[in-house]
Amino acid sequence: MGASKGQKLSGMQRQVLSLYRGFLRAARSKPTEDRRQIESIVSAEFRRNSKQVDRKNFLHIEYLLRRGKKQLDQLKSPDTIGLSSCNVSSSKKNAET
């Protein structure tokens, strides 16, 4: 995100980073096999979204943040042992198929 060179993060960037860190913290409470899978999925999802989502599409980013917070709350539950990913597209073309 570029903060290493003294640039300040926006509020939304801080929320995304906080969510990412929250997922990694929650993964630590899971068994080793599940932890590795969770960390891999979380990393892949965040990287994919950082490349595919336009940084100016605030509505979609806010939606992803809300969805991520719900997933994090579920992951924090002691009954949850894993995580899966799904693709959500904001394009009209995918919504019509």
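What's counted below: heavy atoms across the whole structure, side chains too, no hydrogens, waters or symmetry copies.
The minimum heavy-atom distance linking Glu45 with Arg67 is given by the pair OE1-NH2, 4.1 Å.
For Ser18 (side chain) and Gln15 (main-chain N/O), no donor-acceptor pair under 3.5 Å exists by modelled atom type. A donor-acceptor contact shorter than 3.5 Å links the side chain of Ser29 to the backbone of Ala26. Although no hydrogens or angles enter the test, the distance criterion places a donor-acceptor pair under 3.5 Å between the side chain of Lys30 and the main chain of Leu75. Of the possible polar contacts, none joining the Gln37 side chain to the Asp34 backbone as a donor-acceptor pair under 3.5 Å is found.
Taking CG of Asn49 as the start and CZ of Arg47 as the end, the distance is 12.5 Å to the nearest 0.5 Å. Separating the CG atom in Leu72 from the CZ atom in Arg25 is a distance of 9.5 Å, to the nearest 0.5 Å. Distance check, rounded to the nearest 0.5 Å: CG of Leu24 to CZ of Arg21 gives 9.5 Å.
Under 4.0 Å is where a charged nitrogen must lie from a carboxylate oxygen, and between Glu39 and Arg36 no such pair does.
Looking only at side-chain heavy atoms (C-beta outward), Phe23 and Ile41 stay at 4.5 Å or farther from each other. Glu62 has its side chain within reach of Met12: a pair of non-hydrogen atoms, C-beta onward, lies under 4.5 Å apart. In this structure, Asp54 and His60 have side chains that are not in contact, with every pair of non-hydrogen atoms separated by 4.5 Å or more.
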*Start with the C-alpha distance between Lys70 and Asp73, add both sets of side-chain angles, then the distance that settles side chain to side chain contact (heavy atoms under 4.5 Å, CB included), and finish with yes or no.*
CA-CA 5 Å; Lys70 289 178 185 177; Asp73 289 341; 5.6 Å; no
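Residues Leu19 and Leu59 do not share a hydrophobic cluster, clusters being chains of Ile/Leu/Val/Met/Phe/Trp/Tyr side chains in contact below 4.5 Å.
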